[in-house]
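Structure first, commentary second.
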Amino acid sequence: MAVQQAPSYLGRLACVLGFLFLFHSGYSTFEHLSYLKAVDGHESGLPLDITIELIMSVALFGLGIVMVADDFKEILMETEMAKQSIESLDARPSFYAFDHRGRAVFRNVVLKN
Amino acid sequence: MVNAAKVLQDLRASAERKPDVVVRLGKPLVESGAVKKLDADAWLVYEQVAIAALEVGDDTLAHRCIEALEAKFPGSARVRRLQGMQLEAVGRLEDAGEIYKAILREDETNVLAAKRQVMLLRTMGLPAEAIGALVKYLDINYTDFEGWLQLADFYLEELMNTFVFLDQLLAAFLRYAQAAFCMEEVIMLQPQNHVFHLKYAEILYSQDSIGLALKQFCRVVELCKDHVRGLYGIKLCTSRLLKAAPSRNPAATSQEDLKAIDLLATERLLAVYGSGNAAASVKTTSAKWIESA
């Protein structure tokens, strides 16, 4: 009974922004390392602004995912069973008999879409 | 085409008996040869369409499907069973019986053929023999809940087909007890299925063991929230028990509890009927009826 809810545009925006910032922080790291290599520096660790950008982007991305994701599905057996009709819950396919009205009723009926 | 295959697959999974739908969707698939594109599923579709076609009396389509299966799996017991079913459908019961016998001679444990034999006896108009065969089958395959369900149905069917005179009352009671026993076995094998509890409760009610039936109807509602048939069953039981003299049995449900259960069932029924988008007149009429019952 998962009702399709309206997509959360705010969540999608957060996802896109989070991804862009994440990408940007990764790119900045690459830039920083290549800069270090060029100047033969021995500095270890990343500058603070890249670290902050990274953490913030992950948080924003996570928030966006939570907002976009659909409602949780029930894991109870009960809800799954309630969805099924009595015909399918009480079906006995290996005990079909053919001496019923179906053959007479449908004989001259053309079953079409 | 893809959609038709998907619907057929869903119907195979749910085991719902909708032969007209299966033939309507499956016939173009089989006749245009598009079914072959389904790879491994194709043979399942052929089998499904063949059985459905037999049910709606489209023997040429069934023949076509079974021939295709025969060409792919020559001599297979499953295909021979289909051929037997085809003979059953056109009324050649003895020939069908020969096929099933031959399958069982080769492989005693072929449950599908054994089940067909049971149904064959029923089609021949020999319910007592069918029951005997099914009991023998269940003696070996006692974990087959379908078999137990069918046996319960046989017992109930027998009750419907015979007029119950006063001297047959005892026999009728025995039949209900036997059907109830079968349902107990089914519930042991499939305790999560509320429909089986419902069937058991209804048999108990017919057997006039109202107290036990009430408990079973309550179990139905417990397993499937707001199950209308279960709620009506509860109301039937509570009104019968409230009208009867209070039971001396200490294990029986007390009058106060019965009244509370009755009230709750009424409330839930009203809530269920009030929530839908039925017309207002329908709602008020059903509400009046439920409250008066």
Side-chain angles (χ1 to χ4, degrees), chain A residues 1-16 19 61-113, chain B residues 4 11-25 27-28 48 51-59 85-86 88-91 93 111-112 114-116 118-120 122-125 134 144-147 149-150 153 190 192-196 198-199 222-227 229:
Chain A
M1 264 150 270
V3 181
Q4 197 73 42
Q5 60 180 26
S8 158
Y9 290 108
L10 205 65
R12 284 184 181 186
L13 189 72
C15 270
V16 171
F19 179 74
F61 198 31
L63 182 77
I65 291 281
V66 169
M67 285 168 82
V68 165
D70 221 345
D71 282 344
F72 287 119
K73 273 191 179 166
E74 293 261 11
I75 57 165
L76 289 176
M77 191 73 180
E78 180 188 316
T79 42
E80 200 50 48
M81 294 297 259
K83 263 187 263 178
Q84 293 182 37
S85 69
I86 196 161
E87 281 86 7
S88 71
L89 289 176
D90 198 15
R92 296 188 291 277
S94 47
F95 282 107
Y96 279 176
F98 301 102
D99 56 343
H100 54 69
R101 64 189 169 190
R103 290 179 64 79
V105 171
F106 289 109
R107 172 143 297 172
N108 299 317
V109 179
V110 182
L111 291 167
K112 274 194 294 195
N113 282 314
Chain B
L11 281 172
R12 275 204 303 280
S14 80
E16 237 167 301
R17 195 175 191 173
K18 286 184 177 165
D20 54 329
V21 178
V22 171
V23 169
R24 199 184 66 211
L25 294 172
K27 199 172 184 176
Q48 184 185 18
I51 295 174
L54 289 177
E55 287 215 73
V56 299
D58 193 341
D59 292 334
M85 286 161 94
Q86 195 180 12
E88 261 185 83
V90 295
L93 302 178
V111 288
L112 289 175
K115 288 182 184 183
R116 288 316 315 164
V118 171
M119 288 318 281
L120 193 65
R122 181 185 164 278
T123 312
M124 285 173 167
L134 189 50
D144 182 2
F145 77 93
E146 269 186 49
L149 265 180
Q150 187 61 41
D153 246 30
Q190 296 256 311
Q192 76 282 23
N193 190 328
H194 61 269
V195 172
F196 298 156
L198 182 71
K199 223 176 193 180
E222 185 191 347
L223 286 173
C224 182
K225 195 169 168 263
D226 286 346
H227 194 273
R229 203 155 135 182

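Every chain is numbered from 1 and lettered A, B, ... according to where its sequence line falls, protein lines coming before strand lines.
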Spacing of [atom1] belonging to [X] relative to [atom2] belonging to [Y], to within rounding of 0.5 Å:
X	Y	atom1	atom2	result
B:R24	A:F106	CZ	CZ	10.0 Å
B:L54	A:Y96	CG	OH	12.0 Å
A:F95	B:M119	CZ	CE	7.5 Å
B:R17	A:D90	CZ	CG	11.5 Å
A:F98	B:M85	CZ	CE	3.5 Å
A:L89	B:E16	CG	CD	9.0 Å

Select one option (side chain, backbone, both, neither) describing which atoms of [X] are under 4.5 Å from chain A's heavy atoms.
X	value
B:D58	neither
B:L134	side chain
B:E222	backbone
B:L112	side chain
B:F196	side chain

Query raised in the report: Is it true that B:D144 and A:R92 have a side-chain N and a carboxylate O under 4.0 angstrom from each other?
Result: no
For the interface with chain A, which of [options] has the highest count of heavy-atom pairs at distances below 4.5 Å?
options	result
B:L120, B:L11, B:D153	B:D153
B:H194, B:R116, B:K199	B:R116
B:V195, B:L198, B:V90	B:V195
B:G147, B:G57, B:C224	B:G57

Query raised in the report: Which of the residues A:P93, A:S94, A:A91 is involved in the greatest number of heavy-atom pairs with chain B at under 4.5 angstrom?
Result: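 Max contact count across the listed options: A:S94.
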Query raised in the report: Just wondering, do B:D59 and A:R103 contact through their side chains at under 4.5 Å, heavy atoms?
Result: yes
